[in-house]
Number of protein chains: 2
Amino acid sequence: MSKKIVTIKDVARLAGTSLGTVSNVINGSKTVKSENRERVIKAMEELEYIPNLTAQSLKTNKSKLIGLVLPTITNPFYPALAKGVEDMANRMGYTIILCNTDLDCEKEARYVEMLISNRAAGVILVKSSLPEESIEKYSKKIKITLIDSKPNFQGNIDLVETSNYEGLFKAVEYLGSLGHTRVAYITGNLRSKSDVERLNGYLQAVKNGKFLYREDYIKNGNFTIDGGYKLGSELLQMPEPPTAICCSNDLTAIGVIQAAKALNLRVPQDVSVAGFDDIDICKLVMPALTSIHQPKYDQGEKAARVLIEKINDENASIARNYILNTELKIRESTGICPK
Amino acid sequence: MSKKIVTIKDVARLAGTSLGTVSNVINGSKTVKSENRERVIKAMEELEYIPNLTAQSLKTNKSKLIGLVLPTITNPFYPALAKGVEDMANRMGYTIILCNTDLDCEKEARYVEMLISNRAAGVILVKSSLPEESIEKYSKKIKITLIDSKPNFQGNIDLVETSNYEGLFKAVEYLGSLGHTRVAYITGNLRSKSDVERLNGYLQAVKNGKFLYREDYIKNGNFTIDGGYKLGSELLQMPEPPTAICCSNDLTAIGVIQAAKALNLRVPQDVSVAGFDDIDICKLVMPALTSIHQPKYDQGEKAARVLIEKINDENASIARNYILNTELKIRESTGICPK
DNA sequence: ATTAATAAAATTAACGTTTCATTTAGTGAG
DNA sequence: CTCACTAAATGAAACGTTAATTTTATTAAT
């Protein structure tokens, strides 16, 4: 095997110059004669030199890597967001390391420590479920930007989020305008701020309007189709079932629709269903899913930009907070209240 | 800012020992007295020591990072595969760096070089569109495992693929058994072996059976919904349109179904549609999509295992080739031939 | 008790870079 | 043709580790 590694030293030898000069060429320093510069470049090409970023990072204590830590890569919401992060990061000269936590807090911590260990320049945590003190601790070792953070997080850390509260609020109001009074809600795992905010939006809307507030109209879900199916079944088989069900994300809503179908209920004639996120699938399922649109890609872009700006600007120490807007996308899964 | 970095040296000082001893503790060497070991461990905890993997990798010329380079993270097929890779890699002590090429060959090359630069131990290339000589070149610097490689690739490189040929063959045969004779096919970009194999499966099946072979029943797509929509429209508006359309992936098939709907054609009564990959969405769209199932997760797992085994076993130099089976999942989008 | 043997700890030289302090070469003015 | 000065190139130290070598401490055998 013995993959022989070409170093700056080999390049220097072939070019007939010192290592310092080669390094200067690589880093674009002005102080190297164009003749020598060319010789070095030629030597690099000839030897197929590839710089060793680990050595470089060790020496300079800088790197062009940023981590993106997210809950569930298989929920299409996250790839869309990840793409926004990746595109922006690439544009700004950074590479992302994508880490999938499976909503497992331990795994999330391990990933962040791995990123610190590998001296990544920063990390974007999406819907982090790390305890606040861990985030605080890690933030001393690596620049952090949060997307949809923990509830009540106060640290000096940038935050990008969407108007989750308003999103849910508007959805419930819209259902009210269709005549619904019995509107249920299925939450996520309530471990992220965004999820709590969505619940709050629901609660506020229900209390504001002419809705029936019942505790058993609120179910704790887990952001999955299966979860939605199970809880949707429960809700729809209550003695006084809701006529509309809002969900903390689209997968849950899809599960609810399946549950309705299994119970021979028509959507939206018998029951209305709304999701959150507006993933691409919404337009493809039957009936097409009414959903609260989040600017996934923009969110990713924004977070990447904010993080990298922080990385580049050594003295910027104020925490910034960006809120992007949601928008209700009305499709076929919601309709006027039956009866 | 000044994030102060705790090194092995600081730990040694606090523990009242030499760096060598600390290093031995970290690497679990047996030759350190349990009393000292404890002191070191305590010091590490107290200082919140996090090892510098760049330094370690520089010194040992090893790392626990592997790259996963794939075409389109937003196609749900890839996250499912990625999860298989990630789970297996984690289980074997490795971390993955996920890279998304957008089917851009330049970007793919940049990513591979980045991985080499960062001294990743290996890389899994999914449906690589790199020229063969590039792969050959890179394989001298980093261990490579291919998933669904370039056509005709012959290098000494492990390969994991699925029975693409048989998959398409069986699908066309099945359509034949439903009475279809005019079966069209929409390819992908034909830049990966898997895609070419699928086309070959189609061609062979058509030539074998009592099908009508027409060149204009074969369209070159691009693996996207939009592509499927456009080409599906074209096919369905031909003077003698096909009665069934097979697609190189599910997204394309979904596009075709949308095109059919837009033309007021019913699926499957007027036209049958089949996809490839069997992504989760297949069960959710209406009508549910008949598709050729690939063991995405298993494929990822297998590739990760093969790669890491190769990394760990320095002398293993024979290339291995694994073929996983496809399976036709019959759902609602295919039916008996009209008329 | 002395020596030989082994166990444990300490020391030091790398790994491939960058960077800073030097040295050498190059230029124009007097 | 020097001198002073600038430009360019060189050399060596350092980054945080590991691993090989050397030193010191401990144990066993005579």
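Every chain is numbered from 1, with letters handed out A, B, ... down the list of sequences.
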Hey, are A:Tyr111 and A:Asn100 close enough side-chain-wise for a donor-acceptor pair under 3.5 Å? no
Hey, are A:Lys42 and A:Glu46 close enough for a salt bridge, meaning a charged N less than 4.0 Å from a carboxylate O? no
Could you tell me the separation between the CZ atom of B:Arg13 and the P atom of D:dG16, rounded to a whole number of Å? 11 Å
Here the distance between atom C1' of C:dA9 and atom CZ of B:Arg39, to the nearest Å, is 12 Å
Heavy-atom contacts, protein to nucleotides 11-22 of chain C, under 4.0 Å, summarised as B (base), S (sugar-phosphate only) or - (none) per nt, yield B--BBBBBB---
Residue pair B:Ala120 / B:Ile142: nearest heavy atoms and the distance that separates them: O-CD1, 3.7 Å
d(CG, A:Asn36; C1', D:dT10) in whole Å: 12 Å
Does a donor on one side chain and an acceptor on the other come within less than 3.5 Å for B:Ser192 and B:Ser194? yes
Starting from the first five and the last five pairs of the helix from C:dA1-D:dT30 to C:dG30-D:dC1, work out the angle between the resulting helix axes, to 10 degrees. 50°
Atom CZ of A:Arg37 to atom P of D:dA7: distance rounded to whole Å? 15 Å
Looking only at side-chain N and O atoms, does B:Ser57 offer a donor or acceptor that is under 3.5 Å from a partner on B:Asn61? no
Between CD of B:Glu35 and C1' of C:dA9 the distance, given in whole Å, is 13 Å
Sugar-phosphate only, base, or nothing, as touched by B:Thr17 at under 4.0 Å among non-hydrogen atoms: sugar-phosphate
Ion pair A:Arg91/A:Glu301, N-O distance below 4.0 Å: yes
Flag side-chain contact, heavy atom, 4.5 Å: B:Gln299 against B:Ile147: yes
What nucleic acid atoms does A:Ser57 come within less than 4.0 Å of, heavy atoms only: base, sugar-phosphate, or nothing? nothing
Does the side chain of B:Ile26 come within less than 4.5 Å of B:Val22's, by heavy atoms? yes
